[in-house]
Amino acid sequence: MKIDGNSTRTIWVADDGRTVDVIDQTKLPFAFEILKLNDVEEAAAAIERMVVRGAPLIGATAAFGVALAMADDSSSENLAASCDRLIGTRPTAVNLRWAISEMMSCLERLPEAERKDAAYRRAAEICDEDVEINASIGRNGLGLIQQIAARKPPGEPVNILTHCNAGWLAAVDWGTATSPIYMAHDQGTPVHVWVDETRPRNQGASLTAYELGHEGVPHTVIPDNTGGHLMQHGQVDLVITGTDRTTATGDVCNKIGTYLKALAARDNDVPFYVALPSPTIDFTLSNGVEEIPIEQRSGDEVSKMTGVSEDGTVRTVDIVSRGSPVANYAFDVTPARLVTGLITEAGICEASRDGIAELFPDRAAPAGRRK
Ligand code: MRU
């Protein structure tokens with residue numbers, strides 16, 4: 001997608017052929033800065049600090065983290081230790097575990113001398129596959145937007161609400177939830193996006209609004225608690241969110257607050273879709289509420305807010321009464337029964353074990369092993 005008219009991905013190998021460049025998302029939307037990752041520790045820290053974030057990009061960064069590790073020391077000991085370090089960075093997005101296991105199964109059977117080149121190759125493939133998958137999600141979700149547009153008076157936009165940033169900044173390109181939106185916009189279907197600000201880290205206000213703005217997609221940033229009101233007044237035609245981990249039964253874990261949007265959508269008969277690449281499906285889990293680990297992050301993310309003042313200085317200020325305890329659950333789980341459908345690279349399916357198994361028969365658990 002584009003920044004100031006220039007096509008950009010979120011992660012790439014630098015011109016030296018060894019180090020890995022990423023967009024520093026902690027600086028957006030106030031500054032566009034590239035951060036260089038020199039070794040596996042820097043890749044791990046970038047995931048922990050949310051320099052890079054979003055389930056697919058966390059996976060892609062971890063894959064390149066393994067490549068950086070192999071460039072330094074391609075021994076089996078370092079491979080195992082580096083994968084352990086990376087896997088411990090963030091607990092919820094399952095794409096991290098998926099990417100590490102892809103890298104492991106590619107590298108562990110190779111002689112040490114071949115591991116470095118193979119690691120960079122596989123990491124680059126994971127990135128290219130992510131772009132292809134997300135483009136397919138866009139093509140598959142486009143029809144939903146076009147169907148709604150066809151029922152509206154000509155020229156009236158389809159109003160889509162999204163939560164957090166499941167855009168191209170959260171992936172390698174296109175994004176998941178935003179991919180059908182970008183495709184609809186490119187094809188001339190009028191769309192307007194309600195962007196949840198997404199407290200506490202404001203990924204909607206800082207990142208989704210930033211990328212929609214650079215693509216020229218009409219949008220409005222709203223406080224997180226506005227969606228229900230808009231839905232009651234017929235101002236939301238469709239909700240599309242991303243996900244960090246979806247169970248084999250269709251329970252969807254995503255940024256905290258997604259569940260409340262799904263409840264409001266159900267109460268107001270607004271379709272609630274979740275866009276996801278198949279590496280986000282955790283085929284080992286059946287009950288999202290009980291089984292998905294929910295990351296808890298620093299209370300500082302709740303008690304402080306960062307913004308830019310009129311003189312251009314970026315400042316962080318306290319917004320909570322000193323001494324009041326805060327809680328920072330980063331994700332919640334929306335049960336499958338509240339999800340209208342899942343938009344994947346293989347098509348759209350019901351959020352259910354059967355729906356997912358129909359699209360991904362090779363990966364779904366055999367009937368006898370179902371919980
Ligand atoms: O904490 P974050 O910013 O990594 O959370 C990101 C989300 O919740 C996204 O919606 C999810 O990763 C899907 S990204 C295509």
Side-chain angles (χ1 to χ4, degrees), residues 1 9-11 22-26 28 46-62 89-99 127 130-131 133-138 141 161-182 193 195-208 210-211 224 239-246 252-262 272-282 288 292-298 301-302 328-334 339 342-345:
M1 305 302 289
R9 282 187 175 189
T10 52
I11 186 165
V22 295
I23 300 169
D24 185 346
Q25 300 193 20
T26 64
L28 291 173
I47 299 172
E48 275 167 348
R49 288 203 306 115
M50 293 177 65
V51 165
V52 291
R53 26 67 52 204
L57 182 56
I58 290 170
T61 308
T89 51
R90 292 194 72 188
T92 302
V94 77
N95 305 57
L96 174 62
R97 188 183 76 197
W98 173 84
C127 290
D130 182 68
V131 178
I133 286 173
N134 295 338
S136 298
I137 288 172
L161 185 142
T162 193
H163 191 69
C164 194
N165 173 258
W168 72 268
L169 288 166
V172 179
D173 209 345
W174 283 109
T176 57
T178 55
S179 187
I181 297 171
Y182 288 130
V193 185
V195 178
D196 279 355
E197 62 175 348
T198 319
R199 283 284 291 142
R201 286 188 67 108
N202 292 324
Q203 288 95 329
S206 303
L207 305 176
T208 306
Y210 177 84
E211 54 170 91
D224 287 329
V239 179
I240 311 180
T241 74
T243 167
D244 291 82
R245 193 185 296 222
T246 289
V252 167
C253 182
N254 191 47
K255 181 53 56 193
I256 192 81
T258 303
Y259 172 47
L260 293 176
K261 295 300 138 66
F272 181 96
Y273 281 88
V274 176
L276 70 157
S278 55
T280 306
I281 305 173
D282 188 339
I292 296 178
I294 301 295
E295 178 178 17
Q296 290 189 58
R297 295 185 60 87
S298 162
E301 293 181 352
V302 177
N328 188 6
Y329 296 89
F331 300 96
D332 63 23
V333 174
T334 300
V339 179
L342 303 174
I343 310 169
T344 78
E345 73 268 29

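First listed ligand is number 1; within each ligand, the first listed atom is number 1.
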Quick check: closest heavy atoms across P180 and I137, and the distance to 0.1 Å? CG-O, 3.9 Å
Pull out every atom of ligand 1 sitting under 4.0 Å from any heavy atom of M50, numbered as shown with elements. 1 (O), 2 (P), 3 (O)
Distance filter under 4.0 Å to C164 heavy atoms, resulting ligand 1 atoms: 5 (O), 6 (C), 7 (C), 8 (O)
Please report which non-hydrogen protein atom sits nearest to atom 11 (C) of ligand 1, along with the residue it belongs to and the distance in Å to one decimal place. D244 OD1, 3.2 Å
Under 4.0 Å to a heavy atom of K255 - the qualifying atoms of ligand 1, by number: 1 (O), 2 (P), 5 (O), 8 (O)
Which is it for A275 and ligand 1 at heavy atoms under 4.0 Å: side chain, backbone, both or neither? neither
Proximal atoms of ligand 1 relative to P56 (non-hydrogen, under 4.0 Å): 14 (S), 15 (C)
For atom 9 (C) of ligand 1, what is the nearest protein heavy atom, given as residue, atom name and distance? N254 OD1, 3.5 Å
Check ligand 1 against R90 and write out every atom of the ligand that is under 4.0 Å from a heavy-atom position of the residue. 1 (O), 2 (P), 4 (O)
Against heavy atoms of A55, which atoms of ligand 1 measure under 4.0 Å? 12 (O), 14 (S)
From the list T198, N165, T178, side-chain hydrogen bond (donor to acceptor under 3.5 Å, both in side chains) with T208 holds only for N165
Part of T243 with heavy atoms under 4.0 Å of ligand 1, whether side chain, backbone, both or neither: backbone
Is a side-chain donor-acceptor pair under 3.5 Å present for N95 with T280? yes
Does either side chain, that of Y182 or that of E211, offer a donor lying less than 3.5 Å from an acceptor on the other one? yes
Starting from atom 14 (S) of ligand 1, which protein heavy atom do you reach first, and at what distance in Å? A170 CB, 3.5 Å
Which atom names give the shortest non-hydrogen contact between L57 and L169, and what distance separates them? CD2-O, 3.3 Å
How far is atom 15 (C) of ligand 1 from its nearest protein heavy atom, and which residue and atom is that? T176 OG1, 3.0 Å
Any idea which atoms of ligand 1 are less than 4.0 Å away from a heavy-atom of Q203? 1 (O), 2 (P), 3 (O)
side-chain contact (heavy atoms from CB on, under 4.5 Å) between L342 and L276: does it pass, once the steps are laid out? CA-CA 7 Å; L342 303 174; L276 70 157; 3.7 Å; yes
List the residues meeting side chain to side chain donor-acceptor pair (under 3.5 Å) with K261, not counting sequence neighbours, and say none if there are none. D196
Say whether I58, considering both its backbone and side-chain N or O atoms, lies within less than 3.5 Å of an N or O atom on ligand 1. no
Verify the distance criterion only: is there a donor paired with an acceptor across the side chains of R53 and Q203 at less than 3.5 Å? no
Has N165 got any heavy atom lying under 4.0 angstrom from an atom of ligand 1? yes
Side-chain contact test, heavy atoms from C-beta onward, threshold under 4.5 Å: evaluate it for T10 versus V52 and give yes or no. no
With heavy atoms only and a cut-off of under 4.0 Å, state how R201 meets ligand 1: side chain, backbone, both or neither. neither
Does G242 reach ligand 1 with a nitrogen or oxygen that is under 3.5 Å from one of the ligand's nitrogen or oxygen atoms? no
Quick one: are R90 and R297 in side-chain contact, heavy atoms under 4.5 Å? yes
How close do H163 and N254 get, heavy atom to heavy atom, and via which atoms? O-ND2, 4.4 Å
